[in-house]
Amino acid sequence: MLQVQFIRQHKEEVLERLALKQFKELHLVDEIIALDDSRKKLTVEYDETKAQANALSKEIGKLMAQGQKEEAENRKSTVSSLNARLQPIDEQLKATEKALHDALILLPNLPSKLVPAGRTPEDNEVVRSGGDLPTLYEGAVPHWDLTKKYDLIDFELGNKLTGSGFPVYKNKGARLQRALVSYFLDFNIDAGYTEMNVPHLVNEDSAYGTGQLPDKEGQMYHVTEDKFYLIPTSEVPLTNLYRDEILKDTDLPIKMTAYTPCFRREAGSYGKDVRGLNRLHQFEKVELVQLVHPNKSYEVLDEMVAHVEKLVQSLELPYRILRLCGGDMSFASALTYDFEIYSAAQEKWLEVSSVSNFESFQTNRLKARFKEGQEKAQLLHSLNGSSLALPRIVACLLENNQTATGIKLPAVLHTYFGAEEIA
RNA sequence: GGUGAGGUGCCUGAGUGGCCGAAAGGAACGGUUUGCUAAACCGUCGUACGGGUUAAACUGUACCGAGGGUUCGAAUCCCUCCCUCACCGCCA
């Protein structure tokens with residue numbers, strides 16, 4: 001959520017940058033300023049009237065103590081009439097505040113200066129790439145055949161237990177997952193991230209805090225009886241750890257990593273995009289979250305991108321890093337880099353990580369702040385990134401490294417996996 | 001799930017209708033003192049939204065788990081909800 005004060009002070013800039021994000025409802029900006037104007041006006045009216053009433057009420061106490069009953073009764077009726085006047089003002093004020101808030105949450109975050117113009121994924125900028133596209137042997141097949149051939153994942157069993165999109169990992173498939181999770185976590189811990197283990201269900205306040213509610217309710221699984229939501233990513237619990245907190249600047253940066261399952265309803269998806277491991281309702285992911293000083297966040301973003309890049313490189317997979325264009329970025333992001341890995345048998349790029357700087361967009365909603373000395377509290381900047389989403393990594397590892405006799409694993413996984421290849 | 005107790009500032013904890021944005025102690029921060037450490041002493045020490053100012057000073061309103069209510073006036077009384085703790089039951 002953008003800050004009204006910023007919008008007021010930088011209206012032209014806000015309009016320009018919203019347009020870059022392909023945001024159409026630019027009229028909201030003027031509406032917001034108008035609503036804020038009336039909010040201020042009503043606040044003054046309310047406060048002044050209330051101040052009178054409060055002062056009189058205080059006098060009543062003293063008059064009563066002095067036994068001046070009549071005078072006290074006089075004041076009482078004055079206060080009563082003041083309060084009666086207050087009521088409609090209060091109602092208007094509340095309605096105005098709500099309207100203002102409702103309009104504010106419709107505005108997406110402003111894209112940073114680095115964001116390329118554009119509307120569709122084709123407009124994203126490739127900033128770097130690495131690794132060589134593998135040449136597969138004659139009999140190479142997509143991962144959904146490999147998982148069957150080596151008995152790694154059973155999609156049908158998952159259907160039986162739950163439904164499509166809930167695969168059952170078996171045997172070396174299960175072990176490969178666990179190896180990857182351990183490796184990713186260790187890699188992150190070595191870079192100074194603190195490992196966290198957080199709830200997989202969150203309450204409404206948390207879902208609201210990171211922006212899943214109110215708009216994306218349909219994308220989450222909802223436990224209606226207890227009003228909990230299954231997390232779509234560990235970004236939700238991790239970032240919400242600091243909801244309504246005021247940190248000291250010396251506590252910064254906060255660097256966290258967590259491994260959790262992620263649950264996504266992904267309503268409306270179909271076709272080959274959802275085949276095999278490409279898109280699931282439940283998958284595993286290791287996530288990075290940082291909360292940092294506002295003047296550090298872009299430096300930190302680069303650092304996180306470099307960190308994920310090193311991780312991908314260590315898996316010896318061909319990758320490219322995209323800087324997302326205005327139209328393809330998420331609602332809350334100011335700048336996003338996507339990591340894609342080439343899935344050789346499917347012959348397409350799969351997104352395996354998305355690293356974003358949200359600036360103060362999330363923290364404004366969360367009220368996650370920090371203080372430098374005696375200064376006024378100010379909003380932190382939040383960032384997050386996957387490191388990495390498991391299923392698509394598995395898909396690429398299997399497809400790209402397949403041989404006639406088995407699947408060779410990158411060296412970094414040998415110890416974790418307990419073998420050099422899946423045969 | 002049952003019964004009981006309770007939710008106050010960074011923490012502990014007082015406060016049962018006006019003198020309470022809230023005692024006291026601790027922590028933290030700034031300073032004085034100090035050979036060092038420690039101690040002592042002085043000061044500062046919540047947030048938000050307004051007014052005001054070049055900026056301050058100053059000032060108003062709201063907030064004592066959340067939401068409603070009673071009252072001229074609520075941290076304090078009433079109602080609903082949430083949460084925590086203790087004991088019992090059950091149990092990985």
Side-chain angles (χ1 to χ4, degrees), chain A residues 1-9 32-105 197-209 213 222-229 237 240-252 254 291 360 363-380:
Chain A
M1 187 161 65
L2 297 175
Q3 297 180 81
V4 188
Q5 224 185 357
F6 183 87
I7 296 174
R8 298 187 76 107
Q9 288 165 359
I32 283 166
I33 293 173
L35 282 166
D36 193 48
D37 284 339
S38 46
R39 192 199 106 245
K40 285 190 185 189
K41 228 179 95 201
L42 288 163
T43 301
V44 170
E45 203 178 341
Y46 180 91
D47 285 358
E48 283 177 354
T49 313
K50 188 68 183 170
Q52 280 181 50
N54 285 348
L56 288 172
S57 285
K58 262 188 184 167
E59 290 176 20
I60 291 171
K62 284 178 192 143
L63 290 170
M64 299 285 268
Q66 292 164 12
Q68 301 187 45
K69 280 228 148 102
E70 245 177 72
E71 194 54 26
E73 288 305 323
N74 261 335
R75 303 274 150 96
K76 278 193 196 181
S77 59
T78 312
V79 176
S80 289
S81 68
L82 283 174
N83 282 341
R85 236 203 287 161
L86 231 35
Q87 204 193 332
I89 302 174
D90 187 38
E91 278 165 16
Q92 267 187 69
L93 182 57
K94 278 184 176 148
T96 306
E97 280 172 344
K98 184 176 185 303
L100 176 61
H101 178 263
D102 288 351
L104 269 176
I105 60 171
N197 195 318
V198 289
H200 301 164
L201 279 73
V202 295
N203 60 27
E204 286 178 323
D205 285 347
S206 297
Y208 177 81
L213 293 181
H222 189 188
V223 182
T224 52
E225 195 168 3
D226 298 294
K227 294 185 181 158
F228 292 152
Y229 291 88
N240 270 283
L241 290 171
Y242 291 90
R243 170 154 47 89
D244 293 321
E245 297 288 334
I246 299 177
L247 303 175
K248 282 185 271 186
D249 59 330
T250 50
D251 296 332
L252 304 177
I254 304 290
L291 295 169
S360 59
T363 53
N364 187 32
R365 264 198 194 208
L366 290 161
K367 298 287 170 274
R369 292 166 292 171
F370 76 103
K371 252 181 156 172
E372 287 179 286
Q374 297 299 316
E375 299 284 297
K376 210 164 124 69
Q378 54 175 319
L379 295 171
L380 291 158

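Lettering of chains follows the sequences in order, A, B, ..., and the numbering in each one begins at 1.
Screening A/Leu247, A/Leu241, A/Leu380 against A/Ile254 for a side-chain contact (heavy atoms from CB on, under 4.5 Å) leaves a single residue, A/Leu247. Partner of A/Leu366 under the side-chain contact (heavy atoms from CB on, under 4.5 Å) criterion, out of A/Asp205, A/Asn240, A/Leu379: A/Asn240 alone.
For B/C29, the paired nucleotide is B/G43, the pair qualifying as Watson-Crick or G-U wobble because both relevant distances are below 3.5 Å. Of all nucleotides present, only B/C49 satisfies the Watson-Crick or G-U wobble test against B/G60, with each distance under 3.5 Å. Across the strands present, B/A92 finds no partner; the criterion is a Watson-Crick or G-U wobble pair with both atom distances under 3.5 angstrom. Base pairing of B/A86 is made with B/U3, judged by Watson-Crick or G-U wobble geometry with both donor-acceptor distances under 3.5 Å. Pair check for B/C36 finds none; no Watson-Crick or G-U wobble contact set falls under 3.5 Å. Summarising the base pairing, B/U80 is matched to B/A66 through a Watson-Crick or G-U wobble pair whose two defining distances lie under 3.5 Å. Nucleotide B/U12 has B/A24 as its partner under the Watson-Crick or G-U criteria, with both atom distances under 3.5 Å.
Across the C1' atoms, B/G25 and B/G18 are found 27 Å apart, a figure rounded to whole Å. A gap of 8 Å separates the C1' atoms of B/A75 and B/G15, to the nearest Å. With both ends at atom C1', the span from B/U71 to B/U16 equals 16 Å, rounded to whole Å. Between B/U47 and B/G21, the two C1' atoms lie 11 Å apart (nearest whole Å). Straight-line distance between the P atoms of B/U80 and B/U3: roughly 15 Å, to the nearest whole Å. Annotation: B/A24 and B/U8 have their C1' atoms spaced 14 Å apart (nearest Å). Of the P atoms belonging to B/C58 and B/A22, the separation is 15 Å, rounded to the nearest Å. Taking atom C1' in both B/C63 and B/G26, one finds a spacing of 25 Å when rounded to whole Å.
Between A/Arg39 and B/G50 there is a side-chain polar atom (N or O) within less than 4.0 angstrom of OP1 or OP2.
A/Leu247 has its CG atom 14 Å from the P atom of B/U47, to the nearest Å. Straight-line distance from the CD atom of A/Glu372 to the P atom of B/G30: 15 Å, rounded to whole Å. Rounded to an integer number of Å, the gap from A/His101 NE2 to B/A48 P is 17 Å. The distance from atom CD of A/Glu45 to atom C1' of B/G51 is 14 Å, rounded to the nearest whole Å. Between the C1' atom of B/A48 and the CD atom of A/Gln378 lies a distance of 16 Å, rounded to the nearest Å. Put simply, CG on A/Asp244 is 12 Å from C1' on B/A48, counting in whole angstrom units.
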Spell out protein contact along nucleotides 53-74 of chain B as letters: B when the base is contacted, S when just the sugar-phosphate is, - when no protein heavy atom is under 4.0 Å; keep the 5' to 3' order. -------BSS---------BS-
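Smallest separation of non-hydrogen atoms from A/Tyr208 and A/Arg365: O-NH1, 2.7 Å. What you find for A/Asp37 and A/Arg8 is that their closest heavy atoms are OD1-NH2, 2.5 Å.
By the neighbour-count criterion of 12 heavy atoms within 6.0 Å, atom CD of A/Gln9 is densely surrounded, having more than that number from other residues, nucleotides or ligands.
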Show the distances under 3.5 angstrom between N or O atoms of the protein and N or O atoms of nucleotides 44-46 of chain B.
{"from": "B/G46", "atom 1": "O3'", "to": "A/Lys371", "atom 2": "NZ", "distance (Å)": "3.2"}

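For the residue pair A/Asn83 and A/Ser80, no side-chain donor N or O sits within less than 3.5 Å of a side-chain acceptor on the partner.
Within the nucleic acid shown, A/Lys376 comes within 4.0 Å of sugar-phosphate atoms alone, with no base atom in reach, counting heavy atoms only.
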Pair A/Leu2, A/Ile32 - check side chain to side chain contact (heavy atoms under 4.5 Å, CB included), show working. CA-CA 11 Å; A/Leu2 297 175; A/Ile32 283 166; over 6 Å; no
